Amino acid sequence: MAVKNGETNGLSERAYTFIIQTGADIPTKHSTSKWSDGTMILTINPGSKTAESKPLKVHKNFPSMTEGAVTVDFWLPPNIGVPKLIKVDLESNKFELIKDALYVREITILYNRDPYRFPIKNFVYPHNPIRGNPTVAEMGCPPHFLVREGAGTLKHHETEDFIIKAREEDLEIIHSMVQWNDIEENPTDLLFPGFVGILEYDKLPRFLQFREAKLDAFNELRSAGLKEIRANVLDNLMNKILLRYKEERFESFEHYEMFLKLKSDEMGWSKEMIEETLKVAKIFRQDEEFGRQMLCGPNAMYIKKVTALDARWSGGTVPEHSLEGKSLSEVIAEGHLFEVNFDELIGVGHGGSLSKKLTGTKQIWYVVLADCLLYVRNDGKLVPVQIRLENRNDGEAPTWWGPPSPDISDLNRPVHLGWLYAKMWFRSADVNVYSLCTHFARAHAVNEVFAMACYRNLLNAHPIFRMLQPHIQGIIPVNVQARGVLINPGRNAISLFLSAGDNLSHLFNNYYKKFNYEDLILPLDVEKRGVGDIPEYLYRDDTLSHWNIISKYVSEMVHLSYLSDEDVVLDTEMQNAVKDAVDMGYRGFEDGAGFPRAISTREKLTEYLTAMVVNISVFHTAVNFQTFTSYAYPPNVPTCMAIPPPSQETEITMKLILECLPVMEITFIAMNVSYNLGQFSPVERFYLGHPAENRLGMLGENMAVSPEQEACIRRMEDRMRVFQAEVDTRNEGRYLKYDVLSPRNTPLTTQT
């Protein structure tokens, strides 16, 4: 049989097999949608004068709504050789009017029986062969991909011009798509980190948006809560018109528990989460539980050792019985006295601007300065021994509150109720600072600075970008949504239930005046706060365990790519990312909030990247995923207080306490928001997968795909498994488990 011209498969041609992995959603949906809007065009080594392939057209229906793969192969000339770079483009069908982008996860080329992996994890938009490419802004996607093979490389290690030019083109495209906010448009003296310069979620580049499964879940939860809130508002309005309105207040603490169970059934909330919250409700009045929450709650990073009492404590006296017969100076000398201060609330006015709309009556929600002294007893328990409250907004003098004598056992006596009431005021200050400072300012806004600097300066080809990609994805879109809804100073949802919600900018400014890069170096933070020896400080223990494991992993990854400290200095892309974070992320901050403007050693680069990864994943997990357990029961942590704080002479009664606590409408909003924020995304990845709970691990989502890089990930997972076993053993028999930071429960990124 004669062989026609061009059909030979002899030695003059080599086989190249392409495994093209596409599809954006995990887990799979009910239908298996296919992308069929055009043709994929692949070019090996584009721009090379000697090894560029012809454009290879792939006419296939690619999986789009579920993960899947298409395999094709080609005969190509032997001069192409090893695939080092590929160009990925889409061409639409000529008469296709409505087109969609395709999410490409990875392309593997089998050549000479060796796999060459090209991780992408991005959307590409089909261009029209007649009209040409739309603008980047129109399609929200790069016009094509230029992808480096394997582990990625440092730019100064590249020796071939076509690869260097591809990096430069890639950088130019990314800079046009990902830009910082323009501070000149809204000049202010108030501090706030830089963020993406796009106000609306739908206008973000596609690769910065959530996958559809995540967005669907978010919108479903949000719409259910909004429906209930709107119904309450309309009901209150109608009852006002008909002159039959009656404010719905709670009659007892037990009434709050009944309401929580009722709403959970109506909203379909997790009964396991409800059970944990009800456990807290049973013991929240105990001082030991108050102390536990200072060490293991969502805001557990404020406690610090007292080495000398400052002036704020000069007007009060710690009850003698609370220190087990010791003097205050003895306790300080032993290192057993600690304090928590919420100075971020200084100058923050009262709230409640939306209270009439929500509840039918105009309320003032009081913002009160609150401080607490805590003592580590001989049995190792941390307990509060004095609380200081100051209504500075109204010019009131500070008041001082201490635990009653153990001889007074009746919990309904005014002295017991007064101590409980003081703790409620303190916890109300706690949740306001937590929500806006600890959670959003630290665990969201700071992370967005890291993400912006990385996306803008570390290209797909950079090995550190490939390491960081699972961690930085999701941060920017969730913050864009938050700035549009939750913390928009003009119409923020936070003001629906938080006392400080009407004064966000001032509170953020107070926080960022003190914020410093060293706060992110967790071992240093523990040392500075003097809290290395507090018993049962599980937030400290677990975050440091994560720090040590992740630091080891990051160090291994850094040493794979940087053969010496000189490589760090010569890596202009990394140096630009570090500088961009300071110059654009912390504009106006004194000394750039202490962040480095350059990094010259592998050790310092490891520290910087560890701080980034830990804050994005571990810190956010610690503060985000136990909010419902701690904050959904208002007597434990009231989000707002509706009557002025007591004077020292006020006789505290249960009736007074219940009048001050949030009413039903506000309680539901606080419950709903804390529940929604505490849900894992359906596309979440964790440090350890857990098949029994349908949770996926890091491998499969990562872009660090070389055998050496994946070996680093596996070694990290081995260390995480040891840590997981320690957490499991520690939690055996505990009334309230602390497993929020177990590796199976710790997502890789911030996207809720």
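All figures in this text were calculated on a predicted structure; none of them were measured in a lab. Hydrogens, waters and symmetry mates play no part in the numbers below; they use all other heavy atoms, side chains included.
For Ile346, the CD1 atom sits in a packed shell: over 12 heavy atoms of surrounding residues, nucleotides or ligands are nearer than 6.0 Å. Enclosure of atom CD in Glu334 by more than 12 non-hydrogen atoms of other residues, nucleotides or ligands within 6.0 angstrom is indicated. At most 12 heavy atoms of other shown residues, nucleotides or ligands fall within 6.0 angstrom of atom NZ in Lys165.
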List the steps and the verdict of side-chain hydrogen bond (donor to acceptor under 3.5 Å, both in side chains) for Gln473 and Thr749.
CA-CA 7 Å; Gln473 65 175 350; Thr749 188; over 6 Å; no

Trace of the side-chain contact (heavy atoms from CB on, under 4.5 Å) decision for Ile534 with Ile303:
CA-CA 10 Å; Ile534 302 180; Ile303 189 168; 4.2 Å; yes

side-chain hydrogen bond (donor to acceptor under 3.5 Å, both in side chains) for Tyr511 and Thr438? Distances and angles first, verdict last.
CA-CA 9 Å; Tyr511 176 79; Thr438 306; over 6 Å; no

Evaluate Val727 against Arg730 for side-chain contact (heavy atoms from CB on, under 4.5 Å), listing each step before the verdict.
CA-CA 5 Å; Val727 172; Arg730 182 190 69 199; 3.8 Å; yes

The test is side-chain contact (heavy atoms from CB on, under 4.5 Å); show your working for Ile120 and Arg105 and say whether it passes.
CA-CA 5 Å; Ile120 299 173; Arg105 292 184 289 120; over 6 Å; no

Under the side-chain contact (heavy atoms from CB on, under 4.5 Å) criterion, do Ile476 and Leu208 qualify, and how do the steps go?
CA-CA 7 Å; Ile476 293 174; Leu208 291 182; 4.0 Å; yes

Which is it for Glu106 and Arg117 under the salt bridge (charged side-chain N to carboxylate O under 4.0 Å, His left out) test, yes or no, and what are the steps along the way?
CA-CA 7 Å; Glu106 181 176 325; Arg117 298 178 66 181; 2.6 Å; yes

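Looking at Arg167 and Glu172, no side-chain N of the basic residue comes within less than 4.0 Å of a carboxylate O on the acidic one, giving no salt bridge. A salt bridge links Arg529 to Asp525: one of the charged nitrogens lies within less than 4.0 Å of a carboxylate oxygen. Between Glu566 and Arg602 there is no salt bridge, since none of the side-chain N atoms of the basic residue sits less than 4.0 Å from a carboxylate O of the acidic one. Checked for salt-bridge contact, Glu448 and Arg483 meet the test: a charged N lies under 4.0 Å from a carboxylate O. Note on Asp728 versus Lys737: no salt bridge recorded, every NZ/NE/NH1/NH2 to OD/OE distance being 4.0 Å or above. Taking 4.0 Å as the cut-off between side-chain N and carboxylate O, Lys513 and Glu344 do not count as a salt-bridged pair. A salt bridge links Arg312 with Asp343: the closest approach of a Lys/Arg side-chain nitrogen to an acidic carboxylate oxygen falls below 4.0 angstrom.
Between Phe342 and Tyr434, every side-chain heavy-atom pair lies at or beyond the 4.5 Å cut-off. Within the 4.5 Å cutoff, no side-chain heavy atoms of Arg744 are placed close to those of Phe686. When side chains are defined from C-beta on, Gln626 counts as touching Tyr738, because their heavy atoms get closer than 4.5 Å. Side chains of Arg427 and Met294 form a contact here, defined as non-hydrogen atoms less than 4.5 Å apart. Counting only heavy atoms from C-beta outward, the side chains of Trp180 and Arg456 approach each other to under 4.5 Å. Residues His471 and Met612 form no side-chain contact, since every pair of their non-hydrogen atoms from C-beta on lies 4.5 Å or further apart. Residues Phe195 and Val480 are not in side-chain contact: their nearest non-hydrogen atoms beyond the backbone lie 4.5 Å or more apart. Between Ile198 and Gln179, every side-chain heavy-atom pair lies at or beyond the 4.5 Å cut-off.
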Just list the side-chain donor-acceptor pairs under 3.5 Å for residues 549-556, sequence neighbours left out, or say none.
| residue | atom | partner | partner atom | Å |
| --- | --- | --- | --- | --- |
| Glu556 | OE1 | Arg715 | NE | 3.2 |
| Glu556 | OE1 | Arg715 | NH2 | 3.2 |
| Glu556 | OE2 | Arg719 | NH2 | 3.1 |

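Here the shortest heavy-atom pairing between Leu520 and Trp547 reads O-CZ3, 3.3 Å. In this structure, Leu85 and Leu146 approach most closely via the heavy-atom pair CD1-C, 4.1 Å. Closest of all the heavy-atom pairs between Leu498 and Ser435 is CD1-CB, 3.6 Å. Summarising the geometry of Pro535 relative to Leu295, their closest heavy-atom pair is O-CD1, 3.7 Å, with the distance given to 0.1 Å. Looking at every heavy atom in both residues, Val558 comes nearest to Leu609 through CG2-CD1, 3.9 Å. Taking all atoms of both residues into account, the shortest heavy-atom contact from Pro470 to Asn702 is CG-CA, 3.7 Å.
Across Tyr586, Phe589, Phe440, a single residue satisfies ring-ring contact (aromatic ring centres under 6.0 Å, His included) together with Tyr512, and that is Phe589. Just one residue in the list Lys155, Arg148, Glu149 forms a side chain to side chain contact (heavy atoms under 4.5 Å, CB included) with Ile163, and that residue is Arg148. Checking Gln481, Glu684, His620 one by one against Gln751, the side-chain hydrogen bond (donor to acceptor under 3.5 Å, both in side chains) holds for a single residue, Glu684.
A donor-acceptor pair under 3.5 Å is absent between the side-chain atoms of Asn745 and the main chain of Val740, judged by distance alone. Judged by distance alone, with hydrogens and angles left aside, the side-chain atoms of Ser674 form no donor-acceptor pair with the main-chain N or O of Thr627 at under 3.5 Å. Remark: side-chain polar atoms of Asp567 are paired, donor with acceptor, to backbone N or O of Leu563 under 3.5 angstrom. At distances below 3.5 Å, at least one donor-acceptor pair connects side-chain atoms of Ser176 with backbone N or O atoms of Ile173. Under a 3.5 Å cut-off, the side chain of Asp580 and the backbone N or O of Asn576 do not form any donor-acceptor pair. Using modelled atom types, one side-chain atom of Thr746 and one backbone atom of Leu741 make a donor-acceptor pair closer than 3.5 Å. At distances below 3.5 Å, at least one donor-acceptor pair connects side-chain atoms of Asn432 with backbone N or O atoms of Ala500. Put simply, the side chain of Asp430 never gets that close to the backbone of Asn299: no donor and acceptor are under 3.5 Å apart.
Shown here are the side chain to side chain donor-acceptor pair (under 3.5 Å) partners of Lys84, two or more places apart in sequence or in another chain: Glu160. Residues passing the side-chain contact (heavy atoms from CB on, under 4.5 Å) test with Lys305, sequence neighbours excluded: Phe338, Asp533. Residues meeting the side-chain contact (heavy atoms from CB on, under 4.5 Å) test with Asp519, sequence neighbours left out: Arg442, Phe515, Asn516, Lys528. Residues satisfying the side-chain contact (heavy atoms from CB on, under 4.5 Å) criterion with Ser706, sequence neighbours excluded, are Ala151, Glu708, Gln709. Every residue two or more places apart in sequence or in another chain that forms a side-chain contact (heavy atoms from CB on, under 4.5 Å) with Pro119 is listed here: Arg466, Met703, Val705.
Between Phe625 and Phe680, the distance from one ring center to the other falls under 6.0 angstrom. Phe123 has its ring centre no less than 6.0 Å from the ring centre of Phe207. For Phe723 and His546, the distance between ring centers is under 6.0 angstrom.
For the residue pair Asn447 / Asn615, a side-chain donor-acceptor distance below 3.5 Å is found, with atom types taken as modelled.
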